[in-house]
2 protein chains.
Amino acid sequence: MILSRTSQYAIQALIYIATKPSGEPVLNREIAEHLNVPPAYLAKIMQSLCKGSLLYSFRGRLGGFCLREGAEKTDLMQILVLTEGVGFTHECVLGLKICSDETACPMHFKWKPIKEKVVALLREQTLEKLAKAVMTGKYRLADVPAVLMAGAGQPAGEPV
Amino acid sequence: MILSRTSQYAIQALIYIATKPSGEPVLNREIAEHLNVPPAYLAKIMQSLCKGSLLYSFRGRLGGFCLREGAEKTDLMQILVLTEGVGFTHECVLGLKICSDETACPMHFKWKPIKEKVVALLREQTLEKLAKAVMTGKYRLADVPAVLMAGAGQPAGEPV
DNA sequence: ATTAATTGGGATTCCGATATCTTGTTTTGA
DNA sequence: TCAAAACAAGATATCGGAATCCCAATTAAT
């Protein structure tokens, strides 16, 4: 039921980029600040997304990251394959190494249809769709709008 | 989509005990061997299941663990609350600290119904049901029947 | 050219889950 | 009484994901 932090950061970052004008590189620093995520760690994830052919990267001034052509159509499953590895949906709920229709754990056939629903959902959610949902303003990508954090270095004195 | 190893071991162990005649203490060592799980680690988990009021433990010779009265009716959700903590189903898919119907991430309302299905499934699967399923012989609790591992200390020479 | 701003990538650190070790306590049976 | 068998519990070790650090490579503006 839980994705790794790496996966969560990756998805968030990709959606964020997808909300920006395509073609204009977005800075790692900007993404990290907006999402409130460790910049150095995000940088690593961005690298792997480049290697996974979802992003272009540009070095030097005016550098940054932007979506590869067509990458707006990327669905969450494709992203998770990069971050969690292929077959991350094939794992047994009870942790058995071998658990298939033929050699099943007692949860196998109950779990299977739910797993299929999850995969279907992941496949239908594209960056484009998710980015649009965020752009309407009805949905959030980050806990606290970065703007509100800006001047919050120190809390304002004794609040009592 | 993934439970911690601790949760997996806990569920497996409880089902295993539920397949045994109730009232007769089952040895930690026996459970660990049967499930092919680290005995010392399992022992810790058993302790916490005792504290969680699912098991009785008995020390000394003829000691071991057995289900508390009525514990056959325990469902997986109850077990997971012990091992994963309450509210382990409340976490946002994208990892946002705050994600509710009011302040939703772009996946929130898509994910919600699936999560509800998962919880419903966990609530309807009791130790009794699962143990019976295993006892029919159609479903497995462990990867390899412990019997087959017994004499397998050294592989049998060069298999070329 | 030089400098500043950016990503690339290896090395390292940190931390929590997982696993092990060691010692103490309880219980049974000889 | 004593020894063996089992769980209790705290301390310690291991491992992998998460996070940080450092420096090299690249690019644009001056």
Side-chain angles (χ1 to χ4, degrees), chain A residues 1-14 17 20 24-33 35-68 80 82-85 88 91 94-95 97, chain B residues 1-13 17 20 24-68 80 82-85 88 91 94-95 97:
Chain A
M1 192 115 59
I2 286 313
L3 299 176
S4 68
R5 245 171 237 226
T6 299
S7 294
Q8 295 173 337
Y9 293 166
I11 294 173
Q12 288 181 32
L14 287 169
I17 295 178
K20 295 286 166 182
E24 294 179 17
V26 186
L27 292 185
N28 179 72
R29 180 164 41 81
E30 175 189 340
I31 305 171
E33 275 170 18
L35 300 179
N36 196 27
V37 144
Y41 190 50
L42 182 62
K44 294 297 183 197
I45 298 173
M46 301 301 280
Q47 277 186 41
S48 75
L49 295 177
C50 289
K51 287 181 186 157
S53 304
L54 295 182
L55 292 177
Y56 283 126
S57 70
F58 303 97
R59 302 220 261 199
R61 284 200 181 191
L62 308 191
F65 298 89
C66 58
L67 291 181
R68 243 161 133 126
L80 292 177
L82 292 181
T83 52
E84 306 272 332
F88 77 102
E91 291 157 16
L94 296 191
K97 308 273 181 308
Chain B
M1 190 116 57
I2 286 313
L3 299 175
S4 69
R5 245 172 237 241
T6 299
S7 294
Q8 295 174 335
Y9 293 166
I11 294 173
Q12 288 181 31
I17 296 178
K20 296 286 167 180
E24 294 179 16
V26 186
L27 293 185
N28 179 70
R29 180 165 39 81
E30 176 190 339
I31 304 171
E33 275 170 17
H34 187 88
L35 301 179
N36 196 26
V37 146
Y41 190 51
L42 181 62
K44 293 294 182 197
I45 298 173
M46 301 302 279
Q47 278 186 39
S48 74
L49 295 177
C50 289
K51 288 181 185 157
S53 304
L54 294 182
L55 292 176
Y56 283 127
S57 71
F58 302 98
R59 302 220 261 198
R61 284 198 181 193
L62 308 191
F65 298 89
C66 59
L67 291 182
R68 242 163 132 124
L80 293 177
L82 292 182
T83 53
E84 305 273 331
F88 78 101
E91 291 157 16
L94 296 192
K97 308 273 181 308

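As the structure is a computational prediction, the values presented were derived from the model and not from experiment. Each chain gets a letter, A, B and so on, in the order its sequence line appears, and its residues count up from 1. Values below: all heavy atoms of this structure, side chains included; hydrogens, waters and symmetry mates excluded.
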Exercise for the section: Using a heavy-atom cut-off of under 4.0 Å over every strand shown, decide if A:Tyr56 touches base, sugar-phosphate, or nothing. Expected result: nothing
Practice task
For B:Ile2 and A:Glu91, run side-chain contact (heavy atoms from CB on, under 4.5 Å): C-alpha distance rounded to whole Å, both residues' side-chain angles, the deciding distance at 0.1 Å, then the answer.
Solution key: CA-CA 8 Å; B:Ile2 286 313; A:Glu91 291 157 16; 3.0 Å; yes
Problem - Interatomic spacing from CZ in A:Phe88 to OG in A:Ser7 - rounded to 0.5 Å - result: 7.5 Å
Exercise for the section: Look up atom SG in A:Cys50 and atom CG in A:Leu55, then write down how far apart they are to the nearest 0.5 Å. Expected result: 5.0 Å
Fill in the blank from the handout: For residues 43-62 of chain B, the side chain to side chain donor-acceptor pair (under 3.5 Å) pairs (sequence neighbours left out) are B:Tyr56-B:Glu69
Exercise for the section: Just jot down the side-chain contact (heavy atoms from CB on, under 4.5 Å) partners of A:Leu54, sequence neighbours excluded, or say none. Expected result: A:Leu14, A:Leu49, A:Thr74, A:Ile79, A:Leu82
Problem - Test side-chain contact (heavy atoms from CB on, under 4.5 Å) applied to A:Val26 - qualifying residues, sequence neighbours left out - result: A:Tyr16, A:Ile17, A:Lys20, A:Glu30, A:Ile31
Handout entry: Five-pair end axes of the helix from C:dA1-D:dT30 to C:dA30-D:dT1, angle between them (10°)
Key = 10°
Practice task
At under 4.0 Å between heavy atoms, which parts of nucleotides 5-17 of chain D does protein reach? Answer with one letter per nucleotide, 5' to 3': B base, S sugar-phosphate only, - none.
Solution key: BBBBBB-------
Problem - Student check: side-chain heavy atoms of A:Pro39 and A:Asn28 closer than 4.5 Å - result: yes
Problem - Derivation of the side-chain contact (heavy atoms from CB on, under 4.5 Å) call for B:Tyr9 and B:Leu35 - result: CA-CA 8 Å; B:Tyr9 293 166; B:Leu35 301 179; over 6 Å; no
Exercise for the section: Would you indicate whether the side-chain heavy atoms of B:Glu24 and B:Cys66 approach each other to under 4.5 Å? Expected result: no
Handout entry: Along DNA chain C, first and last positions that approach a heavy atom of chain A under 4.0 Å
Key = C:dA4 to C:dG10
Exercise for the section: Determine the sole option in B:Ile45, B:Leu42, B:Ile11 for which the side chain to side chain contact (heavy atoms under 4.5 Å, CB included) test with B:Thr6 is passed. Expected result: B:Ile45
